[in-house]
Amino acid sequence: GGLTALTVLDLSSNELLSVPAELGALTRLTGLDLSSNRLTSLPVELERLTALTELYLNANSLMVVPTALGGLTALRWLDLSENLLACVPTELGGLTALTELWLNDNLLTSVPAALGELTALTVLSLNKNALTSLPASLGGLTALKVLYLKGNLLMALPAELGRLAALTTLSLSRNQLTTLPAELGGLTALTALDLGGNQLTTVP
């Protein structure tokens, strides 16, 4: 029950199989790095860390994201990449302060429409999953500057992506796209567009 004054805790690159529930007592934490361990689950007590602005859970063996993470409303950076996630809880849509969300290198076949509520988000990385489609609600990410979608199974894109007026980088390489919505022509801030390794026969 000690160390309650801690604001930053780095336990990355160890061999942790679990995290003690007592971690939830460190309510002053603003940064928690649990990356590069062997975690398969997280204690529900993490929901008490409401001061957290940065949470690194990448490079573990997590199969589930606790819905309780949706209550960490101060979070600005959440890295869940390189895990074994097959789905993302809709509760993450409550992280309205989030500016970067990293979900690359998982087993996602879809993402919840609630992610479209993350209006502060500037970076969304979904590279190297198994996504077959995207929710139209992602068109509501008005602050988004970078969208990484390479290495998925996308055959089409929602026209609503053309509403991402702040987008500067869009990576769609190594999917199964045969056409693109004409609305992508509305991405007037776009400076980098990667469409390599698809099945396009024309571009709009």
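Excluded from the calculations below are hydrogen atoms, water molecules and symmetry mates; all remaining heavy atoms, backbone and side chain alike, are included.
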| Quick one: do Leu32 and Leu17 end up in the same hydrophobic cluster if we chain Ile, Leu, Val, Met, Phe, Trp and Tyr together by side-chain heavy atoms under 4.5 Å apart? | no
| query | Do Val64 and Leu126 share a hydrophobic cluster, counting only Ile, Leu, Val, Met, Phe, Trp and Tyr and linking them when any side-chain heavy atoms are less than 4.5 Å apart? | reply | no
| Nearest atoms (heavy-atom pairs only) where Asn198 meets Leu172 | ND2-O, 3.0 Å
| Least distance between heavy atoms, Leu184 atom then Gly162 atom | CD2-N, 4.3 Å
| query | Given Asp10 and Tyr56, is the side chain to side chain contact (heavy atoms under 4.5 Å, CB included) satisfied, shown in steps? | reply | CA-CA 9 Å; Asp10 187 342; Tyr56 300 91; over 6 Å; no
| query | Leu62 and Asn83: which non-hydrogen atoms are nearest, and at how many Å? | reply | N-OD1, 3.0 Å
| request: Would you check, one step at a time, whether the test side chain to side chain contact (heavy atoms under 4.5 Å, CB included) holds for Leu193 with Leu187? | output: CA-CA 10 Å; Leu193 175 59; Leu187 300 176; over 6 Å; no
| Hey, is the main chain of Arg76 close enough, under 3.5 Å, to the side chain of Thr99 for a donor-acceptor pair? | yes
| request: Using a 4.5 Å cut-off on heavy atoms from C-beta on, say whether the side chain of Arg174 contacts that of Lys128. | output: yes
| field | Cluster overlap Leu190 with Leu177, hydrophobic side-chain contacts below 4.5 Å | value | yes
| query | Closest approach of Pro43 and Val19, non-hydrogen atoms and distance? | reply | CG-O, 3.6 Å
| Does a side-chain heavy-atom distance below 4.5 Å link Val88 with Asn106? | no
| task | Scan Thr191, Leu164, Leu144, Leu147 and name whichever one has a side chain to side chain contact (heavy atoms under 4.5 Å, CB included) with Leu170. | result | Leu147
| field | Joint hydrophobic cluster, Leu11 plus Leu49, side-chain heavy atoms closer than 4.5 Å | value | yes
| Does Leu3 share a hydrophobic cluster with Leu29, counting links as ILVMFWY side-chain heavy atoms below 4.5 Å and allowing steps through other members? | yes
| remark: Closest non-hydrogen contact found for Leu153 with Gln176 is CD2-NE2, 3.4 Å
| task | Mind telling me whether Trp77 and Trp102 have parallel, tilted or perpendicular rings, with 30° and 60° as the class edges? | result | parallel
| task | Report yes or no: does Asn60 contribute a side-chain atom to a donor-acceptor pair with the main-chain N or O of Asn37 at less than 3.5 Å? | result | yes
| said: Please evaluate residues Asn129 and Val111 with respect to the criterion side chain to side chain contact (heavy atoms under 4.5 Å, CB included), reporting the C-alpha separation (whole Å), side-chain torsions for both, the decisive distance (0.1 Å), and the verdict. | reply: CA-CA 10 Å; Asn129 278 283; Val111 291; over 6 Å; no
| request: Might you work through the side chain to side chain contact (heavy atoms under 4.5 Å, CB included) test for Leu23 and Leu9, ending with a clear yes or no? | output: CA-CA 10 Å; Leu23 197 65; Leu9 177 57; 3.5 Å; yes
| note | For Asn175 and Leu154 the tightest heavy-atom approach is OD1-N, 3.1 Å
| Do Glu54 and Thr30 come within less than 4.5 Å of each other through their side chains, counting heavy atoms only? | no
